Undergrad: 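Could you have a look at this structure, given as structure tokens, before my questions?
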Amino acid sequence: MNNRNTSVVKTKEEMKETVSFLRKAGKSVGFVPTMGYLHAGHLNLVKRAKEMTDVVVVSIYVNLAQFTKGEDFSRYPRDTEKDLIFLEELGTDLVFLPPPDRMYDNDHLTWVSVEKLEDKLCGRSRKGHFRGVATIVLKLLHIVNPDLMFMGEKDYQQVLLLEKMLHDLDMSVKIIRCPTLREEDGLAMSSRNCYLSPTGRRNAAVLYRSLIMAQKMYDNGIYDAATVITGLKKLIEEKEGRIDYIEVVDSKTLEPLPVLQKGCRIALAVFIEGTRLIDNMEIS
Ligand code: AMP
């Protein structure tokens, strides 16, 4: 238990004023944006932020603008009370918890588009998703005004795209990438894992196993991307996974690569029992 008190801030104005006061007092600010229903992967970002900055701000906001039509916005898991207990235990300084209807005005017209990167991988089946992500993150950054923002590599395309946005828009905040935290069987922690039945949950471990298999194939001299992808596809389909995509991509441009090479990324999205799960790994 940490004895520092956590303050919950609900309005943009109060958040801006509080951070401005802290910054004037010479404090550095770390920021962890989330959609709540926190797990150890999120909490690890908070721990990292605490190590690197004086004041840690976590936002919890389920951003409708990044859900595409027919996706799970209304049933996305939410448990703010539990989230606040976790954040308090970690000694989080401020939690930004705007009411659902207070982030966008009714006449909102401005959207941020990170061209090319937003159309690849997850962007193909989730049209408009990254436009929603980039816009909310830019808004949050203007409200929280942090020095550092902490994000997980589990959402690799997201972190890459946001780094590009910060660079292109000359913003001084820096992103600290944090590794993917996994369950014991390797499944990447995700708020959506709670949708899975016990069987689906067991089957879902195949995502990580397939990434490990890709690395093994590379270690054994199999470099042809199509051969590797076919191998992964077979393994995943044996566990009743429906593949959205499996790609071998350049780690900066996300362009598909015909041949595996050190430093490239294997990225995949798979439906298990209708729940879309993503994962990725660097080939080393
Ligand atoms: P979300 O609440 O899903 O929007 O995620 C908020 C942040 O937590 C993002 O930066 C994610 O990349 C990160 N995150 C989610 N799951 C994990 C995980 N298993 N390991 C590390 N970071 C994660």
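Numbering of ligands and ligand atoms starts at 1, following listing order. Nothing here was measured: the structure is a model prediction, and the numbers come from that model. Below, each value reflects all heavy atoms present in this structure, side chains not excepted, and no hydrogens, waters or symmetry copies.
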Undergrad: One residue to check: R182. Relative to ligand 1, which of side chain, backbone, both or neither has a non-hydrogen atom less than 4.0 Å away?
TA: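 Contact part for R182 vs ligand 1: neither.
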Undergrad: With a 4.0 Å cut-off, would you call K127 and D119 a salt bridge?
TA: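 No.
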Undergrad: Among all protein heavy atoms, pick out the one at the shortest distance from atom 22 (N) of ligand 1; state its residue, atom name and that distance to 0.1 Å.
TA: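 The closest heavy atom on the protein side is G152 CA, 3.5 Å.
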Undergrad: Does the side chain of S28 pick up a donor-acceptor pair with the side chain of D147 at under 3.5 Å?
TA: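 The answer is no; no qualifying pair exists.
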Undergrad: Give the atom numbers and elements of ligand 1 that come within less than 4.0 Å of a heavy atom of T180.
TA: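 Per the distance check, 20 (N), 21 (C).
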Undergrad: State whether the shortest distance between N or O atoms of L181 and N or O atoms of ligand 1 falls below 3.5 angstrom.
TA: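 Right, the criterion is met.
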Undergrad: Find all atoms of ligand 1 within a distance of less than 4.0 Å from any non-hydrogen atom belonging to M35, and give their numbers and elements.
TA: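 Close to M35: 1 (P), 2 (O), 4 (O).
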Undergrad: Heavy-atom contacts with M151 under 4.0 Å: which atoms of ligand 1 show up? List them by number with element.
TA: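 So the atoms of ligand 1 that pass are 10 (O).
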Undergrad: What is the closest protein heavy atom to atom 17 (C) of ligand 1, and at what distance does it sit?
TA: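 Heavy-atom neighbour on the protein nearest atom 17 (C) of ligand 1: H39 CE1, 3.7 Å.
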Undergrad: Checking contacts here: is it the side chain or the backbone of M189 that comes within 4.0 Å of ligand 1, counting heavy atoms only? Could be both or neither.
TA: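 For M189, the contact with ligand 1 is made by both the backbone and the side chain.
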Undergrad: With a 4.5 Å heavy-atom cut-off, do V57 and V9 have their side chains touching?
TA: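 In short, these two side chains do not touch, never coming nearer than 4.5 Å.
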Undergrad: Less than 3.5 Å between some nitrogen or oxygen of F150 and one of ligand 1, yes or no?
TA: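 Between F150 and ligand 1 (N or O atoms, distance only) the closest approach is not under 3.5 Å.
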Undergrad: Examine the side chains of N63 and Y76 and answer whether a donor and an acceptor come within less than 3.5 Å of each other.
TA: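 Side chains of N63 and Y76: no pair found under 3.5 Å.
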Undergrad: Could you check which of S191, C178, P179 puts a non-hydrogen atom nearest to atom 21 (C) of ligand 1?
TA: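 Ranked by closest heavy atom to atom 21 (C) of ligand 1, first place is P179.
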Undergrad: Under 4.0 Å from a heavy atom of P33: give me the atoms of ligand 1 that qualify, with their elements.
TA: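 Near P33, meaning under 4.0 Å from one of its heavy atoms, ligand 1 has 6 (C), 7 (C).
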Undergrad: Considering only heavy atoms from C-beta outward, does the side chain of I243 approach that of E237 to under 4.5 Å?
TA: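 A side-chain contact under 4.5 Å exists here.
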Undergrad: Would you say the side-chain atoms of E17 and S20 include a donor-acceptor pair closer than 3.5 Å?
TA: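 There is no such pair between these side chains.
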Undergrad: With ring centroids as reference points, do Y218 and Y223 lie under 6.0 angstrom apart?
TA: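 For Y218 and Y223, the ring centres are under 6.0 Å apart.
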Undergrad: Is it the side chain (CB and beyond), the backbone, both or neither of V32 that lies under 4.0 Å from ligand 1, heavy atoms counted?
TA: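 Near ligand 1, V32 shows nothing, with every heavy atom at 4.0 Å or more.
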Undergrad: Which ligand 1 atoms, with their elements, are less than 4.0 angstrom from a heavy-atom of T34?
TA: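 Numbered from 1, ligand 1 contributes 2 (O), 6 (C).
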Undergrad: State, with a plain yes or no, whether a side-chain heavy atom of E163 is found less than 4.5 Å away from one of R177.
TA: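 A side-chain contact exists here, since the closest heavy-atom pair is under 4.5 Å.
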Undergrad: Determine whether the side chains of E282 and S251 contain a donor N or O and an acceptor N or O closer than 3.5 Å.
TA: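 Per modelled atom types, E282 and S251 side chains form no pair under 3.5 Å.
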Undergrad: Quiz question: by atom type and distance under 3.5 Å, do the side chains of T253 and D250 form a donor-acceptor pair?
TA: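 D250 and T253 do have a side-chain donor-acceptor pair below 3.5 Å.
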Undergrad: What do the steps show when you test E51 against R48 for salt bridge (charged side-chain N to carboxylate O under 4.0 Å, His left out), and what is the final call?
TA: CA-CA 5 Å; E51 284 162 14; R48 203 64 214 290; 3.7 Å; yes
Undergrad: Could you pull out, from N63, D155, V133, L43, the option with a heavy atom nearest to atom 11 (C) of ligand 1?
TA: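 Nearest heavy atom to atom 11 (C) of ligand 1 lies in D155.
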Undergrad: When only distance counts, is E153 in polar contact with ligand 1, meaning an N/O pair under 3.5 Å?
TA: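 Such a contact does not occur with ligand 1.
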Undergrad: How far is atom 1 (P) of ligand 1 from its nearest protein heavy atom, and which residue and atom name does that atom have?
TA: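 Of the protein heavy atoms, H42 NE2, 3.6 Å lies nearest.
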Undergrad: Identify, by atom number and element, the atoms of ligand 1 in contact range of L45, meaning under 4.0 Å from any of its heavy atoms.
TA: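 Near L45, the atoms of ligand 1 are 7 (C), 8 (O), 10 (O), 13 (C).
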